Structure formats: structure tokens, C-alpha cells
Amino acid sequence: MKKRISVLSFLLIAVFSLQAQQKQGVKLEGGIALPVGENLVETTFGLGADLSFLFNIAGSLQMGPSAGFYNYFGKGSTLPPAIGGGTASDVQIAPLAVTSRYYVIKELFMGVDLGYGLRLDKDFEDESGFYYKPKIGFSFGPLSTLLSYSSVTGELDDFSAVHLGFEIAF
């Protein structure tokens, strides 16, 4: 009986390890973001993308570098007044981070990006800072859908948003 349990345990660990190994590589995520909190006063919505390369670390755990760009349209941007015309300018953020992901089951994963959020818009040059983005996703083979929250914590201000993204693996 102990021998069967040991063999079964070994096979389960091997299967989960193989599933995670199939998912390593380049990931390109694109999506829409909705600013939350005080950011709603200045911006309407955002569009952006992240490029990551994930390495298998152990079993279902993956980690790797990630870089991206997000543009949050200000209420004074060239958008029509019906969807946010006003006086605020766009907010642009380029996150540079380490991304991690843990596959709870074959299709479901949770993860977090930690790093530095570089503010590129000229109004907030000094508001770059700590960047974090917890996320949860569902994988459909090479395609995934993700729901996440991101925040850049600067010296005087924070910028936070909720994201809905779609990802393709290469």
C-alpha cells in the first residue's frame, strides 16, 4: 500500500511539473485598465501591454522579467467630450518588474509583479515608485485572460487601476 501511494505521489508531481514546463516562455499581455480612487478625477481609462519571459522555477511556479507600457487617457486628452473631455493630461506608466505565477490547477493561476513603475508623463516625473500588480488568470492553452490590480506608489501620490487583460504565449 505504501509503495502504491509513493508511486502515485511521484506520478502526480511529475505530471504537474510537465504541465508547468509547457507554459514557460514569452508572454504578451494587452488590455484595458480602469483607474480607481482619486485617479478617476483626472483619467477615464487606460490601454496597455506587458511583455514577460517566464522560467520554470519549481513545479507549478514560474518567475521572470517583465516590462510594459500603459497610457491612461486624461479628461483633457483628444478624446471626445462624451467620454471624458476636460483639462487633465494623459498619465503614462512603464512598469519594470519581476513577474511570478503559480498554477493552482492546470488552467488557473495566481501571480504578482513587483518592481518599479516609471511615470513618463511630464506632469508627474517625480511620482515614479514601487510597482505591484497582483493578478489571477485562466489559461486556454496559448491564450489566457487575466484580472489584476496595479499600483505605483510614489513619494507624494499613488496611481492605481484595475485591469482586464488577454495574453498570448509564444
Side-chain angles (χ1 to χ4, degrees), residues 20 23-55 60-80 82-84 86 88-121 123-125 127-170:
K23 293 175 175 66
Q24 87 173 8
V26 176
K27 313 281 186 185
L28 177 63
E29 175 192 349
I32 187 166
L34 299 173
V36 294
E38 295 177 11
N39 305 317
L40 283 172
V41 174
E42 302 287 326
T43 57
T44 54
F45 70 97
L47 296 174
D50 287 309
L51 183 65
S52 305
F53 190 91
L54 293 170
F55 297 95
S60 297
L61 177 66
Q62 297 177 328
M63 292 180 79
S66 178
F69 177 79
Y70 285 87
N71 186 72
Y72 297 90
F73 296 95
K75 291 193 175 178
S77 65
T78 57
L79 294 172
I83 58 172
S89 60
D90 292 358
V91 174
Q92 298 167 339
I93 298 174
L96 304 170
V98 172
T99 186
S100 64
R101 174 177 293 203
Y102 180 76
Y103 285 86
V104 179
I105 58 174
K106 182 179 176 183
E107 296 87 10
L108 179 68
F109 61 88
M110 299 181 336
V112 66
D113 295 1
L114 297 173
Y116 190 76
L118 183 63
R119 293 281 297 261
L120 300 176
D121 50 295
D123 293 338
F124 296 99
E125 290 174 348
E127 292 305 317
S128 298
F130 179 68
Y131 170 80
Y132 62 97
K133 182 180 178 184
K135 56 190 165 186
I136 187 166
F138 199 79
S139 179
F140 304 96
L143 302 174
S144 299
T145 183
L146 296 100
L147 180 63
S148 60
Y149 168 85
S150 71
S151 182
V152 176
T153 305
E155 190 174 314
L156 302 173
D157 194 17
D158 293 350
F159 191 90
S160 303
V162 174
H163 302 256
L164 176 61
F166 299 95
E167 179 181 82
I168 185 164
F170 297 98

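Nothing here was measured: the structure is a model prediction, and the numbers come from that model.
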Determine the minimum heavy-atom distance between [X] and [Y], stating which atoms define it.
X: Tyr131; Y: Tyr116; value: CB-C, 3.7 Å
X: Ala67; Y: Leu96; value: CB-CD2, 3.9 Å
X: Asp50; Y: Pro95; value: OD1-CG, 3.9 Å
X: Gly48; Y: Tyr70; value: CA-CD2, 3.4 Å
X: Gly64; Y: Leu54; value: N-CD2, 4.0 Å
X: Lys133; Y: Ser148; value: CE-OG, 3.1 Å

For this session: Would you please test Leu164 and Leu34 for side chain to side chain contact (heavy atoms under 4.5 Å, CB included) and show each step?
Result: CA-CA 9 Å; Leu164 176 61; Leu34 299 173; over 6 Å; no

Problem set entry | Polar side-chain atom of Thr44 near backbone of Phe73 as donor-acceptor pair, under 3.5 Å | yes

Exercise. For the side chain of Ser139 and the backbone of Gly141, is there at least one donor-acceptor N/O pair under 3.5 Å apart?
Worked result: yes

Could you measure the distance from the [atom1] atom of [X] to the [atom2] atom of [Y]? Nearest 0.5 Å is fine.
X: Thr153; Y: Asp158; atom1: OG1; atom2: CG; result: 4.0 Å
X: Gln62; Y: Phe109; atom1: CD; atom2: CZ; result: 9.0 Å
X: Gln24; Y: Phe55; atom1: CD; atom2: CZ; result: 7.5 Å
X: Tyr72; Y: Asp90; atom1: OH; atom2: CG; result: 12.0 Å
X: Ile168; Y: Glu29; atom1: CD1; atom2: CD; result: 13.0 Å
X: Lys27; Y: Leu146; atom1: NZ; atom2: CG; result: 10.0 Å

Exercise. Between Ile93 and Leu118, does a side chain to side chain contact (heavy atoms under 4.5 Å, CB included) hold up when you go through it step by step?
Worked result: CA-CA 6 Å; Ile93 298 174; Leu118 183 63; over 6 Å; no

For this session: List for me each residue that meets side-chain hydrogen bond (donor to acceptor under 3.5 Å, both in side chains) alongside Ser150, sequence neighbours excluded, and say none if there are none.
Result: His163

Exercise. With Leu114, which residues qualify under side-chain contact (heavy atoms from CB on, under 4.5 Å), at least two apart?
Worked result: Val112, Phe130, Tyr132

Exercise. Please walk me through it: do Leu120 and Asn71 pass side chain to side chain contact (heavy atoms under 4.5 Å, CB included)?
Worked result: CA-CA 9 Å; Leu120 300 176; Asn71 186 72; over 6 Å; no

Exercise. Is there a side-chain hydrogen bond (donor to acceptor under 3.5 Å, both in side chains) between Lys135 and Thr99 once you walk through the steps?
Worked result: CA-CA 10 Å; Lys135 56 190 165 186; Thr99 186; 3.2 Å; yes

Exercise. What residue pairs, at least two apart or across chains, pass salt bridge (charged side-chain N to carboxylate O under 4.0 Å, His left out) with a residue in residues 161-170?
Worked result: Arg101-Glu167

